[in-house]
Amino acid sequence: MNFVTLTLFLVYQVHALSFPENFKFGFATASYQIEGGWNASGKGPNIWDWYTHTYPTRIADLTNGDVACDSYHKIATDVQLLKNIKADFYRFSISWARIFPNGQPNNINPDGVRYYNELINLLLSNNIKPIVTMYHWDLPLGLHQLGGWPNIALVDYFVDYADKLFSLFGDRVKTWITFNEPSQICEFGYSRGFLAPGYTQLGIGNYMCGRTLLIAHAKAYRLYEKKYKQHQKGLVGMTVHAVWFEPAAEGKTYAEAADISLQFMFGWWEHPIYKGDYPPVMRKQINYLSAQQNFTKSRLPYFTKDEIKLIKGTADFLGLNYYTSFLCSPLDSSAVQNPLLSPDSNVTCYQPSSWQSTASSWMKVTPWGFRKILNWIKKEYGNPKVLVTENGYSDTGELQDCNRVNFLNDYLTELLNAIKKDGCNVQGYAAWSLLDNFEWGSGYMQKFGLHYVNFSDPNRARTPKMSAYVLRNIIKTKKIDTTFTPQGFKACPPS
Ligand code: NOJ
């Protein structure tokens, strides 16, 4: 190699190893998981307040989010943490029942507006962009009593709520996420019953809920486009949880099983948005099974032509939550179905026990799947603008959190490869989560935070873990340095 080639090679190597200049890093949370203040100053009850108070044994450690991290009283502390770790943005969610206590749009709670105004203003004065999720699972109880998401009437309620948020905060909030993880809202809330409201209308509630969410998302998007976009100049999208599904073996049937899984979990939402209507394989399989089961019509409700048109094209970016991967095979009678997917998918997926585990039973460490899902999205939907809205690791709360440090280094390396080597259009990355918090049915037993929260301290003191310093260094240098050891911590063994 002569001098010029060597220099070019080295420049290329350095470039390949660093995140693009305009790439943004941030941290994510959700209202019910961190805020507390469950009945403070005019807030109404939501389905998680009701669910945890009515069925305490459905939460592994019998806890709830009544106080959680008490972020309702800790705006200044949380923004300071974000500033210390050099966040470009903060993704948080708005508690609908803090704005409209019973979900009805005629009764607004001034303290809710005050709370989010203060948070947004303090973020901006510290140069941290707010990214707002409008719905992260905490439906006002009043709307649940009207039937919740399977009731199509919730479309109008959501649009009224979205309208209010755009008009109250849209002068300062420029990135909006309508729904967080619609698959989990519908599949787990209304079909499997793992999450509030805990209903088990298998193969029915999920699809009714899904139809409402897609139409509500699209109408909120169209409303913004028509009434706000020109002067507020913001972006609206949805966040979907993707698992990477890998064929369990060679051969066409395995490849098909993996693809069907991706379509049932991810395509359910993104196909209507990017291509129009449900993925053909979902339509075909659910229609077939519905007929076999003696239903008079398909359990997957049809969109009208106008609804298909309404939904198609309603994303300024694709919000992606990625944590883990599974191996998939066609279903045979002896196999257990993947609990993440509707049984209508007719596939079985599992995670080999040799894969590194986490504190969450559904999640093993699979950084390689990150690059694969990003490439699949690129190919399937024409390389859309992607914002990684969540990615993170669960443990039991160690401050020297080497597993999380290795997780971040390894997942971010795959993300970097997807951007630099494969040309995937990823614009930003949010770590889940800023804080240890209420992990739904697992209570406080699974910790995802880059900051430890002392839940037995009434003050809910926060302490940065080793991973917070490591991510801070990545944000500062735009590079991954697997040898970086922050002061006061021991070097981690390699992953
Ligand atoms: C996705 C959800 O959006 C979030 O609320 C949850 O805590 C994380 N995954 C970890 O399970």
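The chain is numbered in sequence order, starting from 1. Everything numeric in this text was worked out from a predicted model, so none of it was measured. For ligands, and for the atoms within them, numbers begin at 1 and follow the listed sequence.
With 3.5 Å as the limit, one finds a donor-acceptor pair spanning the side chains of Y323 and E390. Between the side chains of Y221 and D316, at least one donor-acceptor pair of N or O atoms lies under 3.5 Å.
Not a single heavy atom of Q446 sits under 4.0 Å from any atom of ligand 1. The closest approach between Y393 and ligand 1 stays at or above 4.0 Å for every heavy atom of the residue.
In terms of polar-atom proximity, W432 is counted as a contact of ligand 1, with an N or O under 3.5 Å from an N or O of the ligand. Between N437 and ligand 1, no pair of N/O atoms sits closer than 3.5 Å. Not one N or O of W362 is nearer than 3.5 Å to an N or O of ligand 1, by distance alone.
Under a 4.0 Å criterion applied to the non-hydrogen atoms of E181, ligand 1 contributes the atoms 1 (C), 2 (C), 3 (O). Less than 4.0 angstrom separates some heavy atom of E439 from each of these atoms of ligand 1: 6 (C), 7 (O), 10 (C), 11 (O). Counting the atoms of ligand 1 from 1 in the order shown, those under 4.0 Å from a heavy atom of H136 are 2 (C), 3 (O), 4 (C), 5 (O).
Of all the heavy atoms of N180, the ones lying under 4.0 Å from any atom of ligand 1 belong exclusively to the side chain.
Of all protein heavy atoms, the one lying nearest to atom 1 (C) of ligand 1 is E390 OE1, 2.8 Å.
Classification of K465 and E398 as a salt-bridged pair fails, no side-chain N sitting under 4.0 Å from a carboxylate O.
Tested against I480 for a side chain to side chain contact (heavy atoms under 4.5 Å, CB included), the candidates V470, N409, L408 yield a single pass: N409.
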